[in-house]
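We name chains A, B, ... by the order of the sequence lines, and we start the count at 1 in each one. Scope of the values below: all heavy atoms of this structure, side chains included, with no hydrogens, waters or symmetry mates.
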There are 2 protein chains.
Amino acid sequence: MPNNTINPEDWLTAVDESGFRVTTVQESLIDIFAHSEYPLSAEQAWEIARQSRPKTGRATVYRMVEKLEKLGLIRRLHGYQGCSHFVPTLPELMMLFICLSCGRADYLDSQPLNDLIQQSEHISGHHITDSRLQFFGACADCQQNA
Amino acid sequence: MPNNTINPEDWLTAVDESGFRVTTVQESLIDIFAHSEYPLSAEQAWEIARQSRPKTGRATVYRMVEKLEKLGLIRRLHGYQGCSHFVPTLPELMMLFICLSCGRADYLDSQPLNDLIQQSEHISGHHITDSRLQFFGACADCQQNA
DNA sequence: CGCTTATTGATACTTGGTATCAATAGGGTA
DNA sequence: TACCCTATTGATACCAAGTATCAATAAGCG
Ligand SMILES: [Mn+2]
Ligand SMILES: [Mn+2]
Ligand SMILES: [Zn+2]
Ligand SMILES: [Zn+2]
């Protein structure tokens with residue numbers, strides 16, 4: 001789905017370097033998230049995981065999703081169908097567009113958001129440590145094929 | 001909490017004009033949301049409601065919250081403590097800042113966001129019909145008293 | 001003041017997510 | 001490579017947020 005490169009190897013390295021053991025469940029889940037066309041919920045990831053690894057436990061998937069999110073490798077989407085879907089993190093592309101027609105996520109360059117944060121801090125006097133921006137609508141493709 | 005005026009009367013009018021009956025539960029809940037210092041979850045609103053109206057049903061509060069959200073009178077917050085808290089809607093102030101220290105929400109002028117949307121539509125080719133922006137950090141007050 | 005029906009409250013239920021704990025398997029060491 | 005220690009897993013029970021049901025209540029209209 002993401003228009004940038006995502007390398008599952010790097011994710012495993014990140015898990016390893018954070019002091020966690022690298023396990024086969026992890027490899028399978030990382031692969032699932034890194035290669036999915038669409039945002040996935042833990043429940044959906046579990047379904048997919050069991051296709052190639054039937055004994056995979058539900059709790060394990062939830063634990064893994066939590067870990068990947070904490071490591072900053074995936075990010076939660078706050079959407080119209082709820083707030084339990086995740087997409088891979090692309091650090092320089094923090095602005096997300098979600099197509100309400102096809103469901104895909106598109107990553108946008110975050111520089112304009114950084115500028116907006118600076119400006120807002122200055123105007124409001126608040127110290128902004130994190131932000132979350134999502135757009136919703138019809139993607140370029142879906143407009144064409146409408 | 002909001003730095004602008006919120007008039008519970010107007011909310012009742014909106015409910016009325018949308019063809020719904022105006023009931024005492026509604027009056028009580030609208031008052032609760034319109035006057036709260038902090039974002040409230042349905043569960044919290046229920047607790048408060050029962051103080052002055054003990055027989056208030058839980059499902060009723062959930063239904064009411066849903067209705068108020070659909071009418072655009074309150075908005076869901078997507079925060080660090082989950083995604084089940086609501087604040088009154090102030091149409092021209094769509095950018096929200098949430099203080100991670102005191103929990104209060106601050107409304108920011110949405111013009112810069114509108115500009116950003118225009119710009120993003122142009123660059124990406126997507127048609128943006130809705131957006132959601134939240135900042136997190138330490139509010140001006142909490143920085144002072146730290 | 002009744003009549004009609006939208007709304008409510010009690011209850012049961014579902015869904016998304018957690019806690020527990022014995023069994024398994026990473027991975028460091030010899 | 002074999003062994004050990006313990007992090008991680010899977011099965012299960014559990015919990016909390018939210019929803020469906022349905023009889024009882026109360027808006028609001030004539
Ligand atoms: Mn959310
Ligand atoms: Mn190994
Ligand atoms: Zn699309
Ligand atoms: Zn504060």
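- Comparing dT8(C), dT8(D), dG27(C) against the side chain of K67(A) picks out dT8(D) as the nearest.
- Note on V25(A): it clusters hydrophobically with F33(A), by side-chain heavy-atom contacts below 4.5 Å among ILVMFWY residues.
- At the heavy-atom level, T24(A) lies under 4.0 Å from the strands shown only through sugar-phosphate atoms.
- Salt bridge present: R76(B) and E69(B) bring a charged side-chain N and a carboxylate O closer than 4.0 Å.
- At its two ends the helix from dC1(C)-dG30(D) to dA30(C)-dT1(D) runs along axes set 40° apart, each axis drawn from five pairs and the angle rounded to 10°.
- The base of dG9(C) sits with one of its N or O atoms less than 3.5 Å from a complementary donor or acceptor on the side chain of R63(B).
- Contacts of H126(B) classified as ring-ring contact (aromatic ring centres under 6.0 Å, His included), with partners at least two apart in sequence or in another chain: F97(A).
- Contact check, T23(B) against dA26(D): no side-chain N or O comes under 4.0 Å of OP1 or OP2.
- Proximity of Y62(A) to the phosphate of dG17(C): a side-chain N or O atom is located under 4.0 Å from OP1 or OP2.
- When distances are taken from the side chain of R76(A) to each of dG17(C), dT4(C), dG10(D), the shortest belongs to dG17(C).
- For the segment residues 43-58 of chain A, residues with any heavy atom less than 4.0 angstrom from an atom of DNA chain D are, sorted by number, R53(A), K55(A), T56(A), G57(A).
- Within 4.0 Å (heavy atoms only), T60(B) reaches at least one base atom of the nucleic acid.
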